[in-house]
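What follows is a short report on a single structure.
Quick note on labels: first sequence line is chain A, next is B, and so on, each numbered from 1.
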Number of protein chains: 4
Amino acid sequence: MRIGMLTSGGDAPGLNAVIRGAVLTGETVHGHEFLGFKDGWRGLVENDTMPLGRHEVKGVSKQGGTILGTSRTNPFEGRGGVDRINEVMTENGLDAIIAIGGEGTLAAAKRLTDEGVRIVGVPKTVDNDLDATDYTFGFDTAVGIATEAMDRLRTTGDAHNRCMVAEVMGRHVGWIALHSGMAAGAHAILIPEQRTSLDQLVEWVTSAYDRGRAPLVVVAEGFTLDSMDDPHSERGLDAFGRPRLGGIGEQIAPLIEHRTGIETRATTLGHIQRGGTPSAFDRVLATRLGMAAVRSVNDGHWGQMVALKGTEIVHVPFENALGKLKTVPQDRYDEAALLFG
Amino acid sequence: MRIGMLTSGGDAPGLNAVIRGAVLTGETVHGHEFLGFKDGWRGLVENDTMPLGRHEVKGVSKQGGTILGTSRTNPFEGRGGVDRINEVMTENGLDAIIAIGGEGTLAAAKRLTDEGVRIVGVPKTVDNDLDATDYTFGFDTAVGIATEAMDRLRTTGDAHNRCMVAEVMGRHVGWIALHSGMAAGAHAILIPEQRTSLDQLVEWVTSAYDRGRAPLVVVAEGFTLDSMDDPHSERGLDAFGRPRLGGIGEQIAPLIEHRTGIETRATTLGHIQRGGTPSAFDRVLATRLGMAAVRSVNDGHWGQMVALKGTEIVHVPFENALGKLKTVPQDRYDEAALLFG
Amino acid sequence: MRIGMLTSGGDAPGLNAVIRGAVLTGETVHGHEFLGFKDGWRGLVENDTMPLGRHEVKGVSKQGGTILGTSRTNPFEGRGGVDRINEVMTENGLDAIIAIGGEGTLAAAKRLTDEGVRIVGVPKTVDNDLDATDYTFGFDTAVGIATEAMDRLRTTGDAHNRCMVAEVMGRHVGWIALHSGMAAGAHAILIPEQRTSLDQLVEWVTSAYDRGRAPLVVVAEGFTLDSMDDPHSERGLDAFGRPRLGGIGEQIAPLIEHRTGIETRATTLGHIQRGGTPSAFDRVLATRLGMAAVRSVNDGHWGQMVALKGTEIVHVPFENALGKLKTVPQDRYDEAALLFG
Amino acid sequence: MRIGMLTSGGDAPGLNAVIRGAVLTGETVHGHEFLGFKDGWRGLVENDTMPLGRHEVKGVSKQGGTILGTSRTNPFEGRGGVDRINEVMTENGLDAIIAIGGEGTLAAAKRLTDEGVRIVGVPKTVDNDLDATDYTFGFDTAVGIATEAMDRLRTTGDAHNRCMVAEVMGRHVGWIALHSGMAAGAHAILIPEQRTSLDQLVEWVTSAYDRGRAPLVVVAEGFTLDSMDDPHSERGLDAFGRPRLGGIGEQIAPLIEHRTGIETRATTLGHIQRGGTPSAFDRVLATRLGMAAVRSVNDGHWGQMVALKGTEIVHVPFENALGKLKTVPQDRYDEAALLFG
């Protein structure tokens, strides 16, 4: 068989391990050939390809990013669409596509498979917000980087008796905030799934400070002042009546300082959370997913993605993973909150 | 309630996070008091205690080792036994014990609970060889350290066209070898669960070398030459008829060099795999286990340990975890072996 | 002798190693006693002290921050001044003070020694901007953290064909930017000491991009648009005529994107650069400086600081270190610039 | 000009940064062309070459090992010699050679330049034992890795009340042991330059143990029992009259345990100290040395190597660096020893 492969959406540590796992087993064990499409769906729509064999994947599983490149191109826009994709697949003699990506990628893949294109998926989201899989690769690396950064922030907070605010990734869900905050011993964790009042936050911060600790507040980027129930801030304005600027970390730090009188500093971890060498956990998970994707192709599991359940790799129809975010459940947040303050 | 706590057996990254998780929730949420026993069962038998409150667990979740100390003392030996333990518990006004340890610790705990002592357990094994839990804390850290070491070994192997042998922990099971080897892209992984012939190993090494790679062989410390079916080595002797010296890595390196002609070097990772800052994954797991242990005490789940199933913390009777090692299943080894050579 | 000790100004990785080096040699070898002042000069002025002996410095050399706390208090302000300081020293029976701090701290120390207070200094600046010493502790750690972050940024930049801007510490000088940028293979480094036109920056970025690289731009926080000679931006406004917001990294990213058409993202590393475990280099340097400070006290080198010259620790009068910043010399920048673009 | 380049002897983190620094400046700034010789002098003698341009050095400065490969081949043995080397240089149209290597490489380079071959050298030794340069690249990385490993060993030593022995690199000199031991807070450091009696070692270990610490002993691989003045061990035999096996760490651990009664474990760090990602310090140093080597070629500094003095790169005749090891001076050891016990 000839298999096309693409990575789409934001990058995540482990993408290259998926690619390598698939190519090595596909080529060596099953005699498949692979073709890489550059920059996600763009490469497929524009027939922009690169060779993808044993040589290309040599040593890549420990590299961040993706050797195939990625983009947020929608395969149905512009000159794209099912006909064009079938045309490119035929032109390249391809039997199937392995698409590695998040919610958007899998939704597009579902629409394509519904129209007969043979696609299997590999789920990718650093935020870990995809349903039907216990964890996605990249998440563990991001949590590790964020935790190490917070370990550093704490020592400087302690030296100056400051409150440190760390803004981490998580546009819609708070998994990275929850795990890194718990690992780093945060005194408060703010996530999009949970409304938290400013009074509550102030109480946690003050309680830690009063015990002689430098408070550490972890906030997911998707948390907003609107979900803080802060009577003093209007929609779109901060508590001082100014337009909100910067990320939520930058917005919330002056509020804490204003209310508690404790010097407060914000750090936005940003892009460093999603790049660089993947953790061993993510490399193993990603390699196994890549290998399983080839088995899916062998077995004709079109319209399905590979996923982690406990310690096993399983197959899940695209639709089971789509349509609803995997949010932090109430009991997991409540468990973490027992350690706040 | 007053709760005694001890850590027993070899240390594992995450022990302090368990202790902190238990003490913080127990003290703050439920109003329990804690007492630490020093050096495992020894402290309990000898009534050697230390204070264990919020102050003592401050900032410890990111520290390796155990603030309580540990030892391999058996609570039934010497002046130990049920009566003595009941006596010490009464003397200290203790309602229950949280015992953190591996197979041996949990077996002793079971025997004690069978005789009426109120104990809940927290499973600990860096080797990840305990049944009835998906992962144990410390394992992820060990795999991460081993993987990083192998990343280093590979570059020096590449520079010199050498075969590098890395011996990792795993007396009875090959989990650390399997995960770190897969993460590092090993060309062969040797584990106690799998007989592997020297011919097979030589084939993997040679195949990698012939493709221009510096072969990486990962071997668990519990793998033996006897399980290699090497016709040239007698029981207890190496292939050159000499008494076997050093670990299996040191033994196997000259065999590889002798058979393949490829310069081969062994490195034994040893104690660095079990010390130091725990990974974020292990800190979260350990913290949750410590918190759950307190819930177990609250609910009177004597004779049970807390365990990880998927992403949930569950309760498991001691007997379910005892008596059989969690070995690497055949399909997991076969999956990894597809990438060898 | 009885010696008081304080750390003042921003924290730096290695402060605790200085303290430990001084206390261990002072106590064990020379029989001195130490007293810690809390939060820099504030503790001295307010006679806020803590015990400081072998026990307190146990294991601290690998911890970031400072066990003494720090602040930016000026010893001459408020109720401070020479008389008050002499009073506190007398009250505590102190023979001398070891003051660890940067430009401001050493300037205050000089003024005090000029009036007869017996002080020796240990230079501290993460930015490495102090004259009369080759390196200051904390700098190597900061460069290491920044370099690792940039290694991560590069992989995500590569995956998306983006230009990545990394803003690092360096209010007045560009040492951290120069070293981390060179280590990470940056395509442009912007430092306060060097005017650089936007045209030049655009040329470097475009040149790298055209060779298929994701451009990496490193900018010291003290670099300003005003030193860019950008005809389109007025003093205090950005190139789009808006008030400048955020750090220089955030300001410059849209300019690059606007001029080159290359998607550009900024990351501000911020406080993570100055916290956490010091590098081995910084621990050795800091330990040696702490030990040398005690020798200085023994020898009565009042008004002098210890410093690194080549591989030797030397003594330098305060005035030699004050009054002029150690900036990046032209030839070092030119050397680095050969690799730009 | 056309310049040949080779790396010889053991690998060291930073080799690739030297190569990249030289190629980028040589090619871009001066219009030189480069040719790589594979596996050190072997490639030169056997005319085994590889292309070496901007493309080949892309992103390599953060990779351990050497893209050119290395070996311990002597250029005067076998079919080698001056005539052969001149022949190969002529055949490839080469004007000069940049040879990167240690004592042996530079000695060979000196002999060749004495006979008219145009060579400039770049010093390389992880052990930092080369005279006429303050530091060599690779040393800082090795010290960092060893220090991190010791940080880990300490926590497991503390948990078990054990004495931990760490054997580090250093065949002839103790620089790595001195720096990593000082950084990790070792209670004893044993180096080849210093005879140390077993009684003295036992005193240090016992003193630390009696204060409640888990003793950490750091020993350079080149230290021997013969330099211990142990009356109980004969030349070539250990204290128990057995032939000495394993490294010095393995030999010394049972002696300590036997004499002190403290459970003692040895770890040999081995090859992990010389592989993998170089530290930022080493990348900067190596890059600068590579760039300076090209300036040396431009200026015709044949028979000289580039070297670090303070913060400057200087040129030094080969003979100044040869013939005498840079050992740890007595005052540096005495300084460190103040912290022992």
Side-chain angles (χ1 to χ4, degrees), chain C residues 17 20-21 24-25 28-29 54-55 58-62 134-135 140-148 150-151 154 158 178-185 211-213 277-288 291-292 294-295 308-313 329 331-332 335-336 338-339 341, chain D residues 17 20-21 24-25 28-29 54-55 58-62 134-135 140-148 150-151 154 158 178-185 211-213 277-288 291-292 294-295 308-313 329 331-332 335-336 338-339 341:
Chain C
R20 176 180 169 274
L24 287 190
T25 33
T28 316
V29 183
R54 180 146 213 159
H55 178 75
K58 176 180 139 180
V60 300
S61 64
K62 68 168 187 289
D134 278 3
Y135 292 107
D140 184 68
T141 304
V143 170
I145 295 169
T147 301
E148 195 191 315
M150 289 174 202
D151 285 351
R154 291 199 71 149
D158 280 331
L178 184 84
H179 278 239
S180 61
M182 196 180 230
R211 285 200 325 281
R213 312 304 305 274
T277 305
S279 70
F281 180 99
D282 280 338
R283 292 196 225 174
V284 171
L285 172 56
T287 302
R288 295 182 69 199
M291 297 174 78
V294 170
R295 290 196 301 271
L308 179 72
K309 279 289 171 190
T311 61
E312 297 301 312
I313 306 296
D331 64 329
R332 285 298 302 280
E335 179 192 46
L338 293 179
L339 302 173
Chain D
R20 175 178 169 275
L24 286 191
T25 32
T28 315
V29 183
R54 181 146 212 160
H55 178 75
K58 177 181 140 179
V60 301
S61 64
K62 69 167 185 290
D134 278 1
Y135 292 107
D140 184 68
T141 304
V143 169
I145 295 169
T147 301
E148 193 191 316
M150 290 172 200
D151 285 349
R154 292 199 71 150
D158 280 332
L178 184 83
H179 278 240
S180 61
M182 194 180 233
R211 286 200 324 280
R213 312 302 307 272
T277 305
S279 70
F281 180 100
D282 279 338
R283 292 195 225 173
V284 171
L285 172 56
T287 301
R288 294 182 70 198
M291 297 174 78
V294 169
R295 290 198 299 272
L308 181 71
K309 280 289 174 191
T311 61
E312 297 301 311
I313 306 296
D331 65 329
R332 285 298 303 278
E335 179 192 45
L338 293 179
L339 303 173

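Panel note: side chain Ser180(D), backbone Val143(D); no donor-acceptor pair is recorded below 3.5 Å. Put simply, the side chain of Arg283(C) never gets that close to the backbone of Ala17(C): no donor and acceptor are under 3.5 Å apart. Between the side chain of Thr147(D) and the backbone N or O of Ala184(D) there is no donor-acceptor pair closer than 3.5 Å.
Taking the six-membered ring for Trp and thresholds of 30 and 60 degrees, His179(D) and Tyr135(D) have ring planes more than 60 degrees apart, a perpendicular arrangement.
Taking CE of Met291(C) as the start and CD1 of Ile313(C) as the end, the distance is 10.5 Å to the nearest 0.5 Å. Note that the CD atom of Glu335(D) and the CE atom of Met182(D) stand 4.5 Å from one another [nearest 0.5 Å].
For Ser61(D), the part lying under 4.5 angstrom from a heavy atom of chain C is the side chain only. Interface residue Thr287(C): only side-chain heavy atoms are found under 4.5 Å from chain D. Only the side chain of Lys62(D) comes within less than 4.5 Å of a heavy atom in chain C; its backbone stays farther off. For chain D, the nearby part of Asp140(C) is the side chain; its heavy atoms alone come within less than 4.5 Å.
Counting heavy-atom pairs closer than 4.5 Å to chain C, the top residue among Ala183(D), Gly212(D), Gly185(D) is Ala183(D). Contact tally against chain C (heavy-atom pairs below 4.5 Å) for Lys309(D), Arg54(D), His55(D): the top residue is Arg54(D). Of the listed residues (Arg211(D), Glu312(D), Arg20(D)), the one with the most heavy-atom contacts under 4.5 Å to chain C is Arg211(D). Of the listed residues Gly144(C), Ser279(C), Ala280(C), the one with more heavy-atom pairs under 4.5 angstrom with chain D than any other is Ala280(C).
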